[in-house]
Amino acid sequence: MDKVHLKAPGNWMNDPNGFIYYKGKYHLFYQYFPYAPVWGTMHWGHAVSEDLVNWEHKGVAVFPTKYEDQNGCFSGSAVTYQGELYLFYTGIHYNRPDPHNIHRCLDDQFDACQMRITSKDGEQFDNFNDKRMVIPPISDREIGDRADTRDPKVWRGRDAWYMVLGSKTKDGRGKLLFYKSADLSEWKFAGSTSKSGLGRIWECPDYFETEGGGVLMMSPMGFLMDGREREEQTICMAADFEEDTCRMDISDQWQYMDYGLDLYASQSTTDEEGRRVVLAWLRMPEPVDGVWSGMFCIPRVVEVERGHIYFRVHPNVEKAYTKKITSPFEADEAGYRVSLDMEDGETVNIGGYRVSRRGSRICADRSEVFAAFADYRMRFETPDVKDGWRLDIYVDRNLIELFVNNGEYVISNAVYGLGGEVHGTGGGNVEMYTIE
């Protein structure tokens, strides 16, 4: 059982998939390589929760069985229809597998198609008889790329089902492809959109609407090319989708989902109260204790206010941290929360992870608890903060999530070797809480 943060149950985990509230439980699938703590031929692991706080692993739900997904069941999404759960994912077939490591492909010679599998209870999946290909590899280069088209996100519109796929143009710009269906079985290409300056492949696209307007989240490859690791970053922006024409207008103004730049491949769903909730994968440079790699961030509620996209700790998680403590050593295994108001020039040191305020920005420095990874970014900062200086910092052994003003901005970082002390400079208003 995992608390708050779903972690790999050994070996390798990456993108969240099929995140959905179904028959009274939250179902969360994820990219999973069950044989070693490294990236490999992808399966879908499965976990469930009744409250987004306590997670139970259910084992492998989807695994390669067909020619089309022989080399991996890659990312996708879930919807419900007539009481059944429908999973959509990208199936990969290597045309040139590496003879020295069959979990790798030579020269990017592979085909990608879109697959579907169903379940009547959210627990049992017939991987041998129920799978079907719903969109074959793209043959028209004017539409998209045969290999680099992936990550189907499906949603219900006013009178039809819609799917968005991430792809790229012939000249190497990111691109979205839209498909439309009446029955989740037969899909027709219905439109596309692209924009320059936002990377070369748009992975994990996710479109949804909030009271404040439509939001597009995606993870462009080749986006942040500053000479450091991880050019790929998750961004979000206002967007407007016209169902009749399948045209999407994307704002020129974007923001990072998370300014720690370690989270990737976000996916959202609606919770039992109808709130839009998003998760993302924490990228880790090495396995923890040599045993497991990959975990997910705290579930975050997405809201749009005054044109800004907020990512707020889900109320269920926030309410779980109610027991006041005076030392991290008193914390539950799920970690603890540090809460404070920060004046200009103040710093709080959380086991070697330093958070400070410099003028109108909040800054973080993980260099003391990430020193072994010199090629990675060590220092981070928010844009100019407008809503105040309240900080809520959720501390796990390997992940720190810093929420500024209830989600105006967030900085999340992977860490290794945190110490057991928390101390700050300034007003001494630091409070700590753990799970009751």
Side-chain angles (χ1 to χ4, degrees), residues 1-10 13 16 25-26 28 30 45 47-58 258 260 262-263 271-272 277-282 284 287-289 291-301 311-340 348-355 364 366 368-370 390-404 406-407 410-424 428-436:
M1 180 77 73
D2 286 344
K3 293 183 180 181
V4 182
H5 298 108
L6 185 68
K7 302 175 181 178
M13 164 198 280
K25 292 183 179 181
Y26 294 96
L28 182 53
Y30 51 88
V48 298
S49 174
E50 294 183 354
D51 57 6
L52 293 173
V53 175
N54 300 287
W55 292 96
E56 178 186 0
H57 285 279
K58 306 295 286 187
D258 190 289
D262 280 350
L263 295 183
D271 70 4
E272 58 182 321
V277 182
V278 67
L279 287 164
W281 164 49
L282 178 73
M284 309 178 79
V288 177
D289 301 327
V291 174
W292 63 271
S293 181
M295 58 188 291
F296 295 153
C297 68
I298 285 173
R300 304 172 181 186
V301 176
F311 294 92
R312 294 176 164 133
V313 177
H314 192 278
N316 291 3
V317 175
E318 188 175 29
K319 293 174 184 176
Y321 288 82
T322 57
K323 182 180 178 182
K324 196 167 184 178
I325 59 176
T326 59
S327 166
F329 295 108
E330 302 173 60
D332 180 88
E333 62 180 16
Y336 56 98
R337 184 183 80 218
V338 178
S339 297
L340 69 152
V348 61
N349 186 331
I350 302 171
Y353 184 88
R354 297 177 181 272
V355 180
R366 66 171 172 187
E368 291 184 26
V369 288
F370 215 69
R390 179 67 176 178
L391 306 185
D392 292 290
I393 308 168
Y394 290 80
V395 183
D396 180 273
R397 177 187 173 194
N398 291 103
L399 169 60
I400 293 183
E401 297 170 87
L402 164 59
F403 291 82
V404 182
N406 193 26
V410 191
I411 295 176
S412 302
N413 288 134
V415 294
Y416 293 82
L418 277 179
E421 300 289 336
V422 175
H423 55 86
N429 61 341
V430 176
E431 296 181 336
M432 290 189 288
Y433 301 86
T434 189
I435 291 180
E436 189 70 48

Nearest atoms (heavy-atom pairs only) where [X] meets [Y]:
| X | Y | answer |
| --- | --- | --- |
| L399 | V415 | N-CG2, 3.9 Å |
| A280 | P16 | CA-CG, 4.2 Å |
| E368 | G352 | CB-O, 3.5 Å |
| S339 | R390 | CB-NH2, 3.3 Å |

Look up atom [atom1] in [X] and atom [atom2] in [Y], then write down how far apart they are to the nearest 0.5 Å.
| X | Y | atom1 | atom2 | value |
| --- | --- | --- | --- | --- |
| I298 | F403 | CD1 | CZ | 5.0 Å |
| M13 | L282 | CE | CG | 11.0 Å |
| E318 | Y394 | CD | OH | 5.0 Å |
| D396 | H5 | CG | NE2 | 5.5 Å |
| L263 | C297 | CG | SG | 5.0 Å |

Counting C-beta onward and ignoring hydrogens, is there a side-chain heavy-atom pair between [X] and [Y] closer than 4.5 Å?
| X | Y | answer |
| --- | --- | --- |
| V422 | V395 | no |
| K7 | V288 | no |
| D392 | V313 | no |
| L418 | I400 | yes |

Which residue, N413, V355, V348, forms the side-chain contact (heavy atoms from CB on, under 4.5 Å) with L402?
V355
Mind telling me whether F296 and Y30 have parallel, tilted or perpendicular rings, with 30° and 60° as the class edges?
perpendicular
Is the shortest side-chain N to carboxylate O distance from D332 to K323 below 4.0 Å?
no
Using side-chain hydrogen bond (donor to acceptor under 3.5 Å, both in side chains), reason through N54 and S49 one step at a time and then give a plain yes or no.
CA-CA 6 Å; N54 300 287; S49 174; over 6 Å; no
